[in-house]
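Shown next, in structure tokens, is the structure this report addresses.
All values below were derived from every heavy atom in this structure, side-chain atoms included, with hydrogens, water molecules and symmetry-related copies excluded.
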Amino acid sequence: MSPVALDRAAIDTALAELPDWQVVDGKLHREYAFPDFVHAFRFMSAVALIAEARNHHPEWFNVYGRVIVDLTTHDAGGISQADLDLAATMETLTG
């Protein structure tokens, strides 16, 4: 089954549970701040294993303790449930 892009109302409803995430340029967006590179890299490594298992990979950027994440489902042409699920998983890894 092909992924389906969610409408803005569904995304906004889901973002109520993900208050640190927002939609920027049609993608789910969040910036994380970690105390140092090791903590940032540990987070990225944990996410990478999960993303690979789900075959759903983030667009991200890292400098020292900062990780910037954008999530979109290219096959769906927008934000899908897979993006929201990965965002929620990422939140559990920071707590």
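Within the 4.5 Å cutoff, the side chain of Trp21 has no heavy atoms near those of the Leu84 side chain.
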Check: Please walk me through it: do Asp70 and Asp25 pass side chain to side chain contact (heavy atoms under 4.5 Å, CB included)?
Finding: CA-CA 10 Å; Asp70 289 306; Asp25 296 329; over 6 Å; no
Next item on the list: Before giving the answer on side chain to side chain contact (heavy atoms under 4.5 Å, CB included), spell out for His29 and Ile68 the whole-Å C-alpha distance, their side-chain angles and the decisive distance to 0.1 Å.
Entry: CA-CA 8 Å; His29 177 85; Ile68 300 170; 3.5 Å; yes
Margin query: side chain to side chain contact (heavy atoms under 4.5 Å, CB included), that's the test. Do Val23 and Leu28 meet it? Break it down for me.
Written below: CA-CA 5 Å; Val23 176; Leu28 285 184; 4.3 Å; yes
Next item on the list: Before giving the answer on side chain to side chain contact (heavy atoms under 4.5 Å, CB included), spell out for Arg54 and Thr89 the whole-Å C-alpha distance, their side-chain angles and the decisive distance to 0.1 Å.
Entry: CA-CA 12 Å; Arg54 295 180 183 182; Thr89 299; 2.9 Å; yes
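Here the closest heavy-atom approach between residue Ala51 and residue Pro58 is recorded as CB-CD, 3.9 Å. Taking every heavy atom of both residues into account, Met44 and Trp60 meet most closely at O-CH2, 3.2 Å. The minimum heavy-atom distance between Ala40 and Tyr64, with the atom names listed, is CB-O, 3.5 Å.
Rounding to the nearest 0.5 Å gives a distance of 10.0 Å between CD of Gln81 and CD1 of Ile11. To the nearest 0.5 Å, atoms OH (Tyr32) and CE (Met90) are separated by 5.5 Å. We find the CG-CG distance between Leu49 and Leu93 to be 10.0 Å, quoted to the nearest 0.5 Å. The distance from the CZ atom of Arg8 to the CG atom of Leu15 is 7.0 Å, given to the nearest 0.5 Å. Rounding to the nearest 0.5 angstrom, the gap separating the NE2 atom in His57 from the CG atom in Leu71 is 12.0 Å.
A donor-acceptor distance shorter than 3.5 angstrom exists from the side chain of Asn62 to the backbone of Arg66, with no hydrogens or angles considered. Side-chain N or O atoms of Asp83 include one that pairs as donor or acceptor with a backbone N or O of Ser80 at under 3.5 Å.
Following chains of ILVMFWY side-chain contacts shorter than 4.5 Å, one can reach Phe37 starting from Phe61, so the two form part of one hydrophobic cluster.
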